[in-house]
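First the structure, in the form of structure tokens, and then the observations on it.
Reminder, nothing fancy here: chain letters follow the sequence lines and each chain counts from 1.
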Amino acid sequence: MGTIQKNLGLKHKYMAYTTAAGALAAYPKRIPSGAVAQKELDGVGQKIGLKIQEILDTGKLKKLDQYNSDPKIVTLNLLCRVTGVGPAAARKWIDSGVKTIEDLKKEKLNHHQEIGVKYFEDFEKRIPRSEMQEIKNIVKTSISQLDQLITVKICGSYRRGSESSGDVDVLITHPKFTNEKKEQKDTFDLIKRIVDRLEKIKFLTDHLANGTQQYMGVCKIPKEGAIARRIDIKLFPKESFYTALLHFTGSGEHNRQLSCIAINKGFKLSEFSITPVGSTGVEGAPIPVQSEKEIYDILGIPFRKPSE
DNA sequence: CCGACAGCGCATCCGC
DNA sequence: GCGGATGCGG
DNA sequence: GTCGG
């Protein structure tokens, strides 16, 4: 239900379904009824409570079956799997008769969508940890040849120790790239130089977005039969690096927990900084941190490695 | 009853 | 050509 | 869709 709401353009309903599902999954006991679910679980209200009851009673959900038997919804869900295609573009094409990915190839697409269609199958394949390690080696080696001072971290589920990942999330920083010198970022142009280099060795094959702070593109291990992978490279000023590292290592659930703890203890934690928040709600200057552990220390909770 | 639900970088579109 | 709005992604 | 002001 959540995915459908998202593809319809109702992203907050999507969030509502996602949190409700998360609460349900995290609940240690069996839920005997929709009413109990609504009472016990944060994020489950009347409507979802009734849906839970229906599933308990009948084993299915009428509303969901209705959606799944609606050809427009089925096509919507298909088209939205293409990266670069969202609710607005999908709706437009469905109205003009597009039904399949093959149909989509004949439409006028922007660059991002062209790449999305080109690698449609590849992008849905998981990346085994062994391949992530190969990718990490290529990226690290190549970047260190460019400038030894650049710090490179592969984040996401890989950093948490997962046996497979959905994409490659690379975080970088440089001691000379600070908030103060950020204004010169266009001349500094670290990302562009890195992208050039990785392109030259045939690692990056296509680009989706190529800015001064953020790159999104496609990479392949340069060997026969390799699968195309989505890769992001993000540059953070050194003051923000460890909060960013924490944030992009996740998980999303872990981020929400930390954020909640931070608020309770009078801080605000984001990917950019950790700041004190006074009782009046006024936000203070960011607290400098030089490791992830220091952030845990500030929050007064024991440090847990990403893999925990 | 009604707004928040994160905020932002990049590509592209739109109006001028 | 330019500034702002929109779509999209993570 | 859910929560909270």
Side-chain angles (χ1 to χ4, degrees), chain A residues 1-24 34 37-52 61 63-64 67 79-93 108-117 123 154-159 165-171 182 185-186 191-192 195 206-218 229-237 240 243-253 255-256 258-260 262-263 268-273 275 281 283:
Chain A
M1 283 293 285
T3 305
I4 291 167
Q5 301 300 335
K6 178 164 74 171
N7 295 342
L8 285 168
L10 308 171
K11 58 178 177 178
H12 299 302
K13 283 200 184 189
Y14 157 73
M15 275 304 300
Y17 277 108
T18 306
T19 47
L24 197 50
Q38 180 180 352
K39 194 154 162 289
E40 296 288 316
L41 302 178
D42 228 25
V44 176
Q46 184 171 26
K47 308 279 280 287
I48 293 183
L50 285 170
K51 288 180 171 69
I52 290 173
L61 191 58
K63 187 92 180 177
L64 183 61
Y67 276 136
L79 299 185
C80 284
R81 282 158 56 194
V82 176
T83 180
V85 176
R91 183 174 306 162
K92 192 189 66 191
W93 281 320
K108 178 166 171 51
L109 307 176
N110 66 31
H111 179 63
H112 190 140
Q113 293 159 345
E114 291 278 2
I115 303 301
V117 166
F123 285 168
I154 314 290
C155 304
S157 58
Y158 170 77
R159 190 153 179 268
S165 303
D167 59 8
V168 186
D169 203 358
V170 186
L171 229 58
K182 223 173 159 181
K185 62 180 184 268
D186 288 359
I191 294 219
K192 288 244 164 44
V195 168
D206 301 86
H207 311 317
L208 298 173
N210 198 351
T212 57
Q213 321 187 39
Q214 197 173 337
Y215 168 85
M216 295 169 56
V218 185
R229 307 299 194 183
R230 277 280 296 105
I231 182 169
D232 293 339
I233 304 174
K234 301 188 185 81
L235 169 65
F236 280 88
S240 293
T243 47
L245 188 55
L246 196 58
H247 179 86
F248 288 105
T249 300
S251 63
E253 179 51 35
N255 290 345
R256 277 186 287 279
L258 287 185
S259 168
C260 188
I263 289 168
K268 181 166 153 322
L269 177 64
S270 74
E271 64 192 279
F272 303 109
S273 63
T275 57
E283 202 178 328

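The gap from the C1' atom of B:dG9 to that of D:dG1 amounts to 29 Å, rounded to the nearest Å. One P atom belongs to D:dG4, the other to B:dA6, and the distance between them is 15 Å to the nearest Å.
When distances are taken from the side chain of A:H12 to each of C:dC8, B:dC5, B:dG9, the shortest belongs to B:dC5. The side chain of A:E271 has B:dA6 as its nearest neighbour among B:dT12, C:dC8, B:dA6. Picking from B:dA11, D:dT2, B:dC8 the nucleotide with the shortest atom distance to the side chain of A:N210 gives B:dA11. Ranking D:dG1, C:dC8, B:dG9 by closeness to the A:Q213 side chain, first place goes to B:dG9. In this structure, of D:dG1, C:dC8, C:dG9, it is D:dG1 that holds the atom nearest to the side chain of A:Y17. Picking from B:dT12, B:dC8, C:dC8 the nucleotide with the shortest atom distance to the side chain of A:F272 gives B:dC8. Residue A:I48 has its side chain nearest to D:dT2 when only C:dG9, D:dT2, B:dC8 are considered.
Comparing A:M15 and A:Y215 by the nucleotide of DNA chain B that holds the closest heavy atom to each, the one mapping nearer the 5' end is A:M15.
A:R91 comes within contact range of no nucleotide atom at all, as no heavy-atom separation falls under 4.0 Å. Within 4.0 Å (heavy atoms only), A:A209 reaches sugar-phosphate atoms of the nucleic acid but no base atom. A:K51 comes within contact range of the sugar-phosphate backbone alone, with a heavy-atom separation under 4.0 Å but no base atom that close. Heavy atoms of A:A20 sit nowhere under 4.0 angstrom from any nucleic acid atom. Across all strands shown, A:Q5 has no heavy atoms under 4.0 Å from either base or sugar-phosphate atoms. Here A:K47 lies in heavy-atom contact (under 4.0 Å) with sugar-phosphate atoms only. Contacts of A:L208 with the nucleic acid, taken as non-hydrogen atoms under 4.0 Å apart, involve only primed sugar atoms and P, OP1 or OP2. Contacts of A:T83 with the nucleic acid, taken as non-hydrogen atoms under 4.0 Å apart, involve only primed sugar atoms and P, OP1 or OP2.
The side chain of A:K11 places no N or O atom within less than 4.0 Å of a non-bridging phosphate oxygen (OP1 or OP2) of C:dG9.
A 4.5 Å side-chain heavy-atom check between A:V170 and A:C155 finds every atom pair outside the cut-off. Using a 4.5 Å cut-off on side-chain heavy atoms (C-beta onward), A:Y17 and A:H12 make no contact. With a 4.5 Å cut-off on side-chain heavy atoms, A:Y14 and A:L8 do not count as touching.
In this structure, A:I263 places its CD1 atom 13 Å from C1' of B:dC5, rounding to the nearest Å. The nearest whole Å value for the distance from the CZ atom in A:F248 to the C1' atom in C:dG9 is 11 Å. Rounded to whole angstrom, the span from the NZ atom of A:K13 across to the P atom of B:dA4 amounts to 18 Å. Remark: P of B:dG9 and NZ of A:K234 are 13 Å apart, rounded to the nearest angstrom. Between the CG atom of A:D169 and the C1' atom of C:dG9 there is a distance of 12 Å, rounded to whole Å. When the C1' atom of B:dC10 is taken as reference, atom CG of A:L235 falls 15 Å away, rounded to whole Å. One atom, NE2 of A:H111, and another, C1' of C:dC8, lie 15 Å apart when rounded to the nearest Å. Atom NZ of A:K192 and atom P of B:dC10 are 8 Å apart (whole Å).
Checking A:T243 against A:E271 by side-chain atom types alone, no donor-acceptor pair falls below 3.5 Å.
Contact record, A:K234 with A:D169: NZ-OD1, 2.9 Å, taken as the closest heavy-atom pair.
Relative orientation of the A:Y215 and A:H207 rings is perpendicular, given thresholds of 30° and 60° on the angle between their planes.
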Please lay out, stage by stage, how A:Y158 and A:D167 fare under the test side-chain contact (heavy atoms from CB on, under 4.5 Å).
-> CA-CA 9 Å; A:Y158 170 77; A:D167 59 8; over 6 Å; no

